[in-house]
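Side-chain atoms are counted along with the backbone in the values below, which use heavy atoms only and exclude waters and symmetry mates. We name chains A, B, ... by the order of the sequence lines, and we start the count at 1 in each one.
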Amino acid sequence: MRDRKPQPKRRQNLLTKEGVTVVDWKDVTLLRKFISDRGKIRSRRVTGLTPQQQRQVATAIKNAREMALLPYPSQGR
Amino acid sequence: MRHYEVMVILDPSLDERTIAPSLDTFLNVIRTTGGNVEKVEVWGKRRLSFEINKNTEGIYAVLDLTSTPDAVKELDRQLGLQETVLRTKVLRREPAKSAVKA
């Protein structure tokens, strides 16, 4: 009973470290990587971001949503 | 004086060539109060990810300003009154970070 459950790919680790220091809410292609196909914001467990980065990404996504650049989570079921 | 970033979504039925000049008339509010317009960027037509006032598309424009808070507020108010403006968003922008997005 020692073996852990298979963890869904976590290796995305710090995608933001690939050159992006400040998350721009207008950069839709970057932000799209942090939402699921349902439009939900991916959790830190999945994105592997630091708390600060995750917060930046989350606010950026929310700003982008207000301007219809990104979808809101689709309703239903 | 502060740095601001204003994003505007305009009605898609407008002619894209007329947008920069017509936005410019609104920007007089900024200029007359001693502010400065650093950049006017028209993105052109984009699909909206959801409908706004029954429109599936919109013309995006991004303005970079240095201005007093009151002037921006007035600009936002005047834009909002315009029927061709679907939506606006005003954000504070830190000058040091603005260099990131060219």
Side-chain angles (χ1 to χ4, degrees), chain A residues 8-77, chain B residues 2-14 19 23 38-65 72 75-77 79-80 82-102:
Chain A
K9 40 152 187 184
R10 197 221 168 126
R11 72 180 82 82
Q12 209 175 357
N13 259 9
L14 294 184
L15 206 156
T16 325
K17 270 284 140 64
E18 316 291 338
V20 189
T21 44
V22 179
V23 181
D24 185 7
W25 64 283
K26 301 190 295 308
D27 190 350
V28 183
T29 41
L30 175 73
L31 295 178
R32 281 218 183 262
K33 295 174 185 162
F34 294 104
I35 59 174
S36 69
D37 33 347
R38 289 233 160 195
K40 292 181 174 183
I41 300 175
R42 290 240 165 86
S43 71
R44 179 139 68 235
R45 255 211 318 266
V46 181
T47 59
L49 296 177
T50 65
Q52 290 85 345
Q53 290 171 326
Q54 178 77 11
R55 214 178 309 132
Q56 274 193 11
V57 168
T59 38
I61 290 175
K62 286 167 189 174
N63 275 331
R65 275 180 187 162
E66 281 192 38
M67 293 311 276
L69 294 171
L70 292 176
Y72 282 100
S74 47
Q75 216 66 48
R77 259 166 295 190
Chain B
R2 283 206 154 121
H3 289 260
Y4 289 96
E5 188 173 61
V6 183
M7 189 187 258
V8 192
I9 306 182
L10 296 143
D11 195 286
S13 56
L14 293 173
I19 285 178
L23 279 177
E38 281 152 27
K39 204 163 64 180
V40 178
E41 207 178 336
V42 179
W43 285 9
K45 229 171 254 184
R46 273 181 74 106
R47 264 197 88 74
L48 305 173
S49 50
F50 46 86
E51 283 190 7
I52 301 177
N53 301 347
K54 310 280 181 212
N55 289 301
T56 53
E57 285 187 320
I59 300 173
Y60 282 78
V62 182
L63 319 168
D64 275 2
L65 317 166
V72 181
L75 172 73
D76 190 33
R77 190 187 72 87
L79 284 171
Q82 220 62 24
E83 267 180 40
T84 52
V85 175
L86 299 182
R87 204 166 276 199
T88 61
K89 190 178 192 68
V90 179
L91 281 183
R92 280 261 302 283
R93 183 173 55 92
E94 301 311 322
K97 295 174 183 175
S98 70
V100 174
K101 172 100 182 178

- Note on the structure: Those residues at least two apart in sequence (or on a different chain) that pass side chain to side chain contact (heavy atoms under 4.5 Å, CB included) with A/A68 are B/L48, B/S49, B/F50, B/I52, B/Y60
- Within a radius of less than 6.0 Å around NZ of A/K40, do more than 12 heavy atoms belonging to other residues, nucleotides or ligands occur? no
- Side-chain heavy-atom pair B/V62, A/M67 within 4.5 angstrom cut-off: no
- Please indicate whether B/E51 has more than 12 foreign heavy atoms, meaning atoms of other residues, nucleotides or ligands, lying under 6.0 Å from its CD. yes
- Query: Are any side-chain N or O atoms of B/R46 and backbone N or O atoms of A/L69, one a donor and one an acceptor, separated by less than 3.5 Å?
  - Reply: no
- Query: Which heavy atom of A/E66 sits nearest a heavy atom of B/R87, and at what distance?
  - Reply: O-NH1, 2.7 Å
- Engaged part of B/L91 at the chain A interface, taking heavy atoms whose separation is under 4.5 Å: side chain
- Task: Answer with side chain, backbone, both or neither: which region of A/L70 has an atom nearer than 4.5 Å to a non-hydrogen atom of chain B?
- Result: backbone
- Task: Mind listing the closest non-hydrogen atom pair of B/E5 and A/K26 along with its distance?
- Result: OE2-NZ, 2.8 Å
